[in-house]
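Take a look at the structure set out below.
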2 protein chains.
Amino acid sequence: MGVTKSDNFSIEQNQIAEFAKAFAHPARVAIIQHLLETQTCICNDLVKVLPLSQSTISQHLNELKRIGLIKGAIDGPKVCYCIDLDVWERAKGLLRNILESIKGCC
Amino acid sequence: MGVTKSDNFSIEQNQIAEFAKAFAHPARVAIIQHLLETQTCICNDLVKVLPLSQSTISQHLNELKRIGLIKGAIDGPKVCYCIDLDVWERAKGLLRNILESIKGCC
DNA sequence: AACTTTAATCGTATTATTGCGATATATCAA
DNA sequence: TTGATATATCGCAATAATACGATTAAAGTT
């Protein structure tokens, strides 16, 4: 049917998948890296930095906001985005947990 | 146009996105977790364990193989899959690197 | 008030992803 | 040889994701 059958998997599995999705596109990786570098919030410098249109970047930002990894603060006509530390830590924990749970292999 | 514009991003950004994609679906998370648990290779126990059809699971396995995180060894009529340690370590390094590069926030 | 900047959203086109049944193939067991 | 088991692949359908231009809306600026 084409739809991800989320219901059949655990909450944790869905959460991991959701966080991973944030990093599953090079444009979103670039956005996140930029936010990590500038540390302090940025707004639409991204439009100048990334090879994508304003509307596309806005969509990616919205997706990251939906996932929870970033949050935006309105500042006049601008919106300053930054990493949401709490959510980031949860994502880090979940992903680190699965990445480091390897003990050996065949 | 609907296509991810990979060319406009760095190799590293694309690699991170590619590895993240492996985890960006609950079914693949479940498959990976199962492979991590059983440690030794498994084949199509997955069909019995996961709420998905054989063909769908085969597709997910193929996607993971394409990304490189797992490899399959033919054993008679079966195929035993397991984590590819080298690739896994590279994925771990890249993802850990970005996840831990946060210094603070607004 | 007119203009600029910023950003979200709408509409649309295109491609990717997810999923399943059916089928094909290969190996092993009886 | 016949049958069972294990997998991959094909064909199809439906939904999701990516991207852009155009438009809208809000907040400053002149």
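Every chain is numbered from 1, with letters handed out A, B, ... down the list of sequences. Because only heavy atoms are used, hydrogens play no part in the values below, and waters and symmetry mates are left out as well, while side chains stay in.
Listed by chain and number, the residues in a side chain to side chain donor-acceptor pair (under 3.5 Å) with A:K21 amount to none (sequence neighbours excluded). Contacts of B:F19 classified as ring-ring contact (aromatic ring centres under 6.0 Å, His included), with partners at least two apart in sequence or in another chain: none.
Of the possible donor and acceptor atoms, one in the side chain of B:W88 sits under 3.5 Å from a partner among the backbone N and O of A:L99. The backbone N or O of A:L46 lies less than 3.5 Å from no partner atom in the side chain of A:N44, so there is not a single donor-acceptor pair. For B:N62 (side chain) and B:S58 (main-chain N/O), no donor-acceptor pair under 3.5 Å exists by modelled atom type.
Within 4.0 Å (heavy atoms only), B:K21 reaches sugar-phosphate atoms of the nucleic acid but no base atom.
In this structure, the nucleotide among D:dA8, C:dT18, C:dA8 sitting nearest to the side chain of A:Y81 is C:dA8. Between D:dT18, C:dT18, C:dC20, one nucleotide has an atom nearer to the side chain of A:R28 than all others, and that is D:dT18.
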- request: Between protein and nucleotides 22-30 of chain C, map the contacts as a letter string: B base, S sugar-phosphate only, - none, heavy atoms under 4.0 Å, written 5' to 3'.
  value: B----BS--
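Going from atom NE2 of B:H60 over to atom P of C:dA16 covers 17 Å, rounded to whole Å. The interatomic distance linking A:Q59 (CD) with D:dG21 (P) rounds to 13 Å, in whole Å. As a whole-Å value, the separation of B:R66 CZ from D:dT9 P is 14 Å. Atom-to-atom, CG of A:N44 to C1' of D:dA25 comes out at 15 Å; the value is rounded to the nearest Å.
Separation of atoms CZ (B:R96) and CD (B:E89) is listed at 7.5 Å; rounding is to 0.5 Å.
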